[in-house]
Amino acid sequence: MTIAPEKTTVLVQLAVADGWLTVCELSRLTPGRGVAALLPDGRQAAVFLDRAGRVFALDNTDPFTGAAVLSRGLIGSAQGRPFVASPLLKQRFDLGTGRCLEDDGVAVRAYEVRTVA
Amino acid sequence: MATDPAGKALPTLVLVGHGMVGQRFLEAAAEHGLTATHRVVVLCEEPRPAYDRVHLTSYFSGTTPEELSLTDPEFLDKHGIELHVGEPAVAVDRATRTVHARSGRRVPYDALVLATGSYPFVPPVPGKDAPGCFVYRTIEDLYAIEEYARRHATVGAVVGGGLLGLEAAGALQGLGLATHIVEFAPRLMPVQVDEGGGAALLKTIGDMGLSVHTGVGTQEIVADGANGAVRGMKLSDGSQLATDLVVFSAGVRPRDQLARDMGLSVGERGGIAVDAQCRTSDPSVFAIGECALASDGRVYGLVAPGYEMALTAAAALADDACGASFTGADLSTKLKLLGVDVASFGDAHGTADGCLDVVYADSRAGTYKKLVMGREGELLGGILVGDAEAYATLRALTGTVPPVAPESLVLPAGAGAPAQLGPDALPADAVICSCHNVTKGEICAHASLPEVKKCTKAGTGCGSCVKLIGQLLPRSGDDGLCGCFRHTRQELYEIVRVKRVTSFARLLDEHGRAEARGGEGCEVCKPTVGSIIASLAPSIGADGYVLEGEQAALQDTNDHFLANLQKNGSYSVVPRIPGGEITPEKLIVIGEVARDFGLYTKITGGQRIDLFGARVEQLPLIWARLVDAGFESGHAYGKALRTVKSCVGQTWCRYGVQDSVRMAIDLELRYRGLRAPHKLKSAVSGCARECAEAQSKDFGVIATANGWNLYVGGNGGMTPRHADLLAQDLSDAELIRLIDRFLMFYARTADRLERTAAWLDRIEGGLDHVRDVVVHDALGICDELEALMRAHVAHYRDEWSATLDDPERLSRFVSFVNAPGTPDPTVRFVPERDQLRPELPLIPLEGLAVR
Ligand code: SRM
Ligand SMILES: Cc1cc2nc3c(=O)[nH]c(=O)nc-3n(C[C@H](O)[C@H](O)[C@H](O)COP(=O)(O)OP(=O)(O)OC[C@H]3O[C@@H](n4cnc5c(N)ncnc54)[C@H](O)[C@@H]3O)c2cc1C
Ligand code: SF4
Ligand code: FES
């Protein structure tokens, strides 16, 4: 008989039109970085994990270049609020609200995310 | 029809001409609320809305027309402005107050603003209309010149050696043409600089390989080439100049024809006459910008006075009683022409009674500085050529008695001129940004550059004031790396080395600024610390693999995916080709990989091959094939050693005196993978003919009959620098030892993103100090530097083969975490010249130019 090692998987879920979409296991995320997820409507979300273990999600498309790359940016914090810096032209976006820190007029969509055990 | 909330038709404001000044007028009109009380219609002749004409030439260094755009569709939308592009006004009927546009459109107006700019003046010489003759004013002109130069020209000539002529000459040279400048006056830029300044300019521009002909006029364009194309020009001194292309840049004339036809008063020498409120002889018609003849009797050919007129006219239309008036403007300019700083301000030519000059000239260095001082010791104006560092400060001091002796303002730093005049010395009402007329007081009310730009517009014109604004803004009180660390990169390097810190989080929590501890760090400090830890890895006990553990979260995306991110989200792949030497078998493998994965293939400037257009999930598959064939990472993505170029050298070349290819390969294999403050490049030439261009490299080696000469601190790029000779006639072992020490000393003491060239120019003592440290071991650290390099060499592993060996590491190479097999559908390509290129994604916010 084999004894299954005790293991709880924590899932990352994102709010989409018809409920919660499971994106991946939390263990797939590296603190300080992001991953991209494909949504049922064909959009893409960038999902991030910070050092404190919080998850965030923004639209993956960089509004300044049109490329779907925000998930590949570096995250950082300014005045205690976490942001991601686009890897292309380095504009920063608040992870909570999607607002661009360089240009108030620009924002990307922020998605609601949660982790469930 | 636009109506007010009560349903009443709004009065109509029509703007003719959507250039730089027209756009500024629209912004001012919106600020005054005119867009809410009026229907605003804009007729724009060019096929695109307003763009930054001042920076037109930057097109040739890669700025796209989109980036030059000054308008934002959102702005137009938000203020309900109707813009018609490609729709010039052809006539105006003042009796019925109607503007007729080319398409037949009629627009009635209550108020009309003319901002039609200027046209380039073409002297009436025979042949001026032949194919191959151009002017230089619009983006369409640039396209035409570029296209013609590419197909039909190897030599180009610019008629006119003024500001625009030099810009045009720079553009022609940038297009690869042998370039001539023909100027009628006895010196270049006759309007802005005096004889001394002209001489300094001539020297520097001549040194750049442009041929300057001053004091001669153009008599005829010889157009007997195929289809009557330009072949040359006849000059007034009887000589003939062979050229395939001519750009006329002999001044501009106001575009006042529309106004003449309308019966408005125009000046004798052109320009629509306006009063101090920019009103023409018809009170419901205004004229602003280069088409206007201002009330001081001048036509201004610069953008700053045009902007002031735009503000004045908007205020007048809004009936703003305290609105500005325009009675004349300062003609100060600072330009970077062909890489030479040229500035003039105030009374540059010393026309005031009893004024005296203070002049400093160094014709070897191509610098010339002149200040014009008034009777009472007040600064009236000046000219700076070659070094215009002090321009913004001096301009702001104009009209006042400077707080230090005038000679100390022109002497170069270090030449008995300790009194560097800081921005603190400026009074609060000193104008810092002359493009937007913003004073020191207004700037100091803000805390950051983005805020200043947004609230005052200062710094958004020619940009020459940005540096000074930076000095005026509150500093965080230290020269720390970023908002997270008050230490410099150098200090952090020492902390990491001495305390053997191997984790960013620990460094941040123990050594970061109080407010940043426990946070995430930022996009500046994370890669910097990642690079420091990587360059010291073996000596401090960290893992040298850049994607290990926390290190993975510190790297910029390029390091994270071990490839270079391209504009559409795809990546490029650059295998290492040491010394540029490659076997036919390896070439075939590269060809096969490129073919099988459909990659765009190009020989780089670094003697290797770049494969573009790989999707994230293709990177491991591509690299598996390459690693299999014996390739390894070329680190094109890292701040690390790039290439060591070589010439073919002694083995084949009749002049070669050493085996330059072997040395290049040895050096490339020794220093591959070394993480540094910035990228490192090298080259080895087999003799003094220098075919490998070693003197433009961070460390360059040139063979001599007795061994090798080592040059350091060379750079191409924006600010090229010739390398300096560090040591001569070295043996192989001596050469390598010196390079080991040099590179490790650089890695220890340079700032973030500081190439060796900038570092050498910055550090105290410069080259002599570096020579003392690395050749004479003045600091006694050479053993340690060598040991660090030995550790690096011993621990080198190819990052790509290490990645391929580890499923955990490979798992990040997917487009989507929840759909690992699905390629990113937004990464698309279209064919071009038998290969492919990115199909650019639609930018949701059009016109969002990143400036
Ligand atoms: C591919 C290549 C152009 C080509 O098609 O030939 C290239 C491409 C890029 N260069 Fe370069 N440079 C290339 C040779 C050069 C050279 C020529 C040389 O090395 O002999 C220079 C001038 C020499 C020098 O560096 O001093 C050069 C000076 C620059 C600079 C300006 C550096 C400076 O100190 O001013 C940058 C910008 C930077 O690094 O900040 C740059 C930056 C870049 C970047 C990394 C821009 C970016 O961030 O996307 C480009 C990425 C390439 C990619 O995605 O793969 N590239 N670049 C060349 C690659 C050579 C190689 O095999 O690795
Ligand atoms: C290469 C270059 C470099 C320069 N560098 C500098 C510099 O460093 N510093 C500086 O201060 N200035 C510089 N200038 C000058 C600066 O660009 C001009 O002063 C500025 O553009 C003037 O703005 P404007 O709106 O009056 O004219 P423009 O920008 O020329 O705009 C006028 C517009 O009106 C349009 N138009 C004309 N007639 C009609 C019509 N009937 N109907 C509809 N539209 C019409 C034209 O097509 C044009 O688009 C430079 C100019 C050039 C070409
Ligand atoms: S640098 Fe000298 S040895 Fe090398 S290819 Fe040129 S001429 Fe020959
Ligand atoms: S002086 Fe030109 S932008 Fe400020």
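Computed from heavy atoms alone, side chains included, the values below leave out hydrogens, waters and symmetry copies. Numbers restart at 1 for each chain; the letters A, B, ... are given by sequence-line order, proteins then strands. Here the structure is a predicted model, which means the values were calculated and not measured.
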Contacts with chain B made by residues 77-85 of chain A (heavy-atom distance under 4.5 Å), listed by residue number: Ser77(A), Phe83(A), Ala85(A)
Set of residues satisfying side-chain hydrogen bond (donor to acceptor under 3.5 Å, both in side chains) with respect to Ser58(B), sequence neighbours excluded: Thr63(B)
Proximal component of Glu523(B), with respect to chain A [non-hydrogen, under 4.5 Å]: both
Interface moiety of Val524(B) toward chain A, non-hydrogen atoms closer than 4.5 Å: neither
Nearest-0.5 Å distance, OG1 of residue Thr65(A) to CG of residue Asn568(B): 9.5 Å
Region of Val814(B) that comes under 4.5 Å of a non-hydrogen atom in chain A: side chain
Heavy-atom contact with chain A under 4.5 Å, split by part of Ala505(B): both
Ala45(A) versus chain B, the contacting section by heavy-atom distance below 4.5 Å: neither
Over 12 foreign heavy atoms within 6.0 Å of CD, Glu515(B): yes
Residue, of Val69(A), Leu29(A), Leu88(A), Asn60(A), that accumulates the most heavy atom pairs under 4.5 Å with chain B: Leu88(A)
Contact summary for Gly569(B) and Ala67(A), nearest pair of heavy atoms: N-CB, 4.1 Å
CZ on Phe816(B) to CD on Gln44(A), rounded to 0.5 Å: 3.5 Å
Chain B contact via Val23(A) - side chain, backbone, both or neither, heavy atoms under 4.5 Å: both
Top contributor to chain A interface from Thr822(B), Val817(B), Val616(B) [non-hydrogen pairs under 4.5 Å]: Val817(B)
Residue Arg28(A) versus chain B: region with a heavy atom under 4.5 Å: side chain
Residue part contacting chain B, namely of Pro31(A), when any heavy atom lies under 4.5 Å: backbone
Most chain A-contacting option - heavy-atom pairs closer than 4.5 Å, from Cys484(B), Ser815(B), Ala819(B), Cys525(B): Ser815(B)
Test item: Asn818(B) and Cys24(A) side chains (from C-beta on) under 4.5 Å apart, heavy atoms: no
Approximate separation, where rounding is to 0.5 Å, of Leu95(A) CG and Glu520(B) CD: 8.5 Å
Spatial distance of atom CG (Leu74(A)) from atom CG (Asp559(B)) [nearest 0.5 Å]: 9.5 Å
Contact origin within Ser811(B) toward chain A - heavy atom pairs under 4.5 Å: both
Closest-packed option against chain B by number of heavy-atom pairs under 4.5 Å, given Ala36(A), Ser71(A), Pro87(A): Ala36(A)
Sub-4.5 Å side-chain heavy-atom contact between Lys526(B) and Ile75(A): yes
Donor-acceptor side-chain pairing of Arg33(A) and His560(B) below 3.5 angstrom: yes
Chi angles and distances behind the salt bridge (Lys or Arg N to Asp or Glu O under 4.0 Å) call for Asp509(B), Arg51(A): CA-CA 12 Å; Asp509(B) 295 351; Arg51(A) 262 179 83 186; 2.6 Å; yes
